Amino acid sequence: MQFQSFLIKYAEIGTKGKNRYMFEDALMKQIRFALGNVDGNFEVTKESGRIYVTADGDYDYDDAVEALKRVFGIADICPMVQIDDKDYENLKKQVVEYMDRIYPDKNITFKVVARRGDKQYPVSSDQINRDMGEAILEAFPQMRVDVHEPDVLLRVEIRQKVNIFSLMIPGPGGMPVGTNGKAMLLLSGGIDSPVAGYMIAKRGVKIDAVYFHAPPYTSDRAKQKVVDLAKLVARYAGPMDLHVVNFTDIQLYIYEKCPHEELTIIMRRYMMRIAQAIAEKNGAIGLITGESIGQVASQTLQSLAATNEVCTMPVYRPVIGFDKQEIVDVSEKIGTYETSIQPFEDCCTIFVAKHPVTKPNLNVIRNSERHLEEKIDDMVQTALETAEIIRCQ
Ligand code: ATP
Ligand code: MG
């Protein structure tokens, strides 16, 4: 094993002043959660402005790095050698050994950058740079110093312990989940909504999800696909509850009572109403959808306005200005694409009209919804009461 520990660098959360510890603690919690599925025992600790992950004994390095790459709030993952013994001669020895182990090809240029967090340490940073550089050159004459554009920037940090590192693996950025409240994701089996959930979670928002299915018109496999997607999003966003709402009766009732070209809009208005009720009950203060302007008839500006009208909660639509290909690119990057394209029926597509309205008039829509007055409140109530909750992690 090359490395027994990692230094975790975080970007934006460093700017949060007094709240910083909250962000650090949330980040540590997410790191522990992410490493929970990796072979090995890990300890996650913090020391002013630094988070460390230390493996106790053998562990799966590649899996650990992959897991850390999914933790929002991490800017860089630096595999490091951490030593307790701060003796200067020992430090030189360790630095030389580090360069030897990590860079078997000695034909490289390097620069040493030392920092003293421990100001009591008897040697200045500049002196450490020079002495370590000298020790490396003495051990490996093929190596050369380049202070402007070195192949290797070797960092030596003198803190409670000494950290030696030169590798930096980019993390996903963003903020630790749990630092920005909770929102309810409308998760369908498509490409867009998992991406939308990922993007909002990336900003530190905890998410739960709601899926509307219409058995027997939609199958168990379509539902399973959404559960699979929720689990894939949970790899980044942390565990989430997926509320599965039976939407069949409501859809059939709308189909029976309302003009067919308005079906999609009215259906979507009921989805939003129900999602909002579930959100309120579960402490979520926003809704998230995968809508993108103009993608389909129900996503023209007029349709979005009609759908939005029933929500009092803010609706976050992080892919609103993305082209389809841009959304696909993110879904491939985060690993949801392959699951999203599995061909299962979607509850919205079963009752779609040949020529849905693209510019719904709000008064007309409200008027059509009056035809539902007799039973719709009870149906919504039943849908809420019978929703199944599936824990996805
Ligand atoms: P997606 O790829 O996310 O399914 P889409 O392009 O198919 O999006 P629509 O079917 O119009 O678009 O849905 C728009 C948004 O409404 C979705 O991104 C999702 O947030 C929500 N939505 C649609 N269908 C459902 C459903 N059955 N359950 C929960 N949310 C849904
Ligand atoms: Mg869809």
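Note that the structure is predicted; figures quoted are calculated from it, not measured. Both backbone and side-chain heavy atoms feed into the values below; hydrogens, waters and symmetry mates do not. All residue numbers in this chain count up from 1 along the given sequence. Order of listing sets the numbers, starting from 1, for every ligand and every atom in it.
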### Task
Could you tell me which atoms of ligand 1, counted from 1 in the order shown, lie closer than 4.0 angstrom to a heavy atom of S298?
11 (O)
### Task
Answer yes or no: is there an ion pair linking E369 with K257, defined by an N-O contact shorter than 4.0 Å?
no
### Query
Is H213 in contact with ligand 1, taking contact as a heavy-atom separation below 4.0 Å?
no
### Q299 neighbourhood, listing ligand 1 atoms whose heavy-atom distance to it stays under 4.0 Å
9 (P), 11 (O), 12 (O), 13 (O), 14 (C)
### Task
Output the list of atoms in ligand 1 that are nearer than 4.0 Å to some heavy atom of V210, sorted by atom number.
29 (C)
### Query
Any N/O of I191 closer than 3.5 Å to an N/O of ligand 1?
yes
### Task
Scan side-chain atoms only and decide if Q276 and T312 contain a donor-acceptor pair under the 3.5 Å cut-off.
yes
### Query
Would you say the side chains of Q295 and D192 form a donor-acceptor pair under 3.5 Å?
yes
### Task
Using a strict cut-off of less than 4.0 Å between a Lys/Arg side-chain nitrogen and an Asp/Glu carboxylate oxygen, indicate whether K46 and D25 qualify as a salt bridge.
yes
### Summary
Of D192, L186, T289, the residue with the heavy atom nearest atom 8 (O) of ligand 1 is D192
### Lys/Arg-Asp/Glu bridge criterion (N-O < 4.0 Å) met for K69, E66
yes
### Task
For ligand 1, find out whether one of its N or O atoms is nearer than 3.5 Å to an N or O atom of I288.
no
## Note on the structure
G290 heavy atoms within 4.0 Å reach ligand 1 at atoms 17 (C), 18 (O), 20 (O)
### Query
Which atoms of ligand 1 have any heavy atom of L187 under 4.0 Å away?
28 (N), 29 (C), 30 (N)
### Message
Polar contacts were defined as any N/O atom of the residue lying under 3.5 Å from an N/O atom of the ligand; does this apply to Q295 and ligand 1?
### Response
yes
### Query
Salt-bridged, E24 to K29, with N to O below 4.0 Å?
no
### Message
Is it the case that the side chains of D76 and Y10 hold a donor-acceptor pair, with the cut-off being a distance below 3.5 Å and no angle test?
### Response
no
### Electrostatic pair D131:K92 at N-O distance under 4.0 angstrom
no
### Message
Are any of the N/O atoms on F212, whether in the backbone or the side chain, positioned under 3.5 angstrom from an N/O atom of ligand 1?
### Response
yes
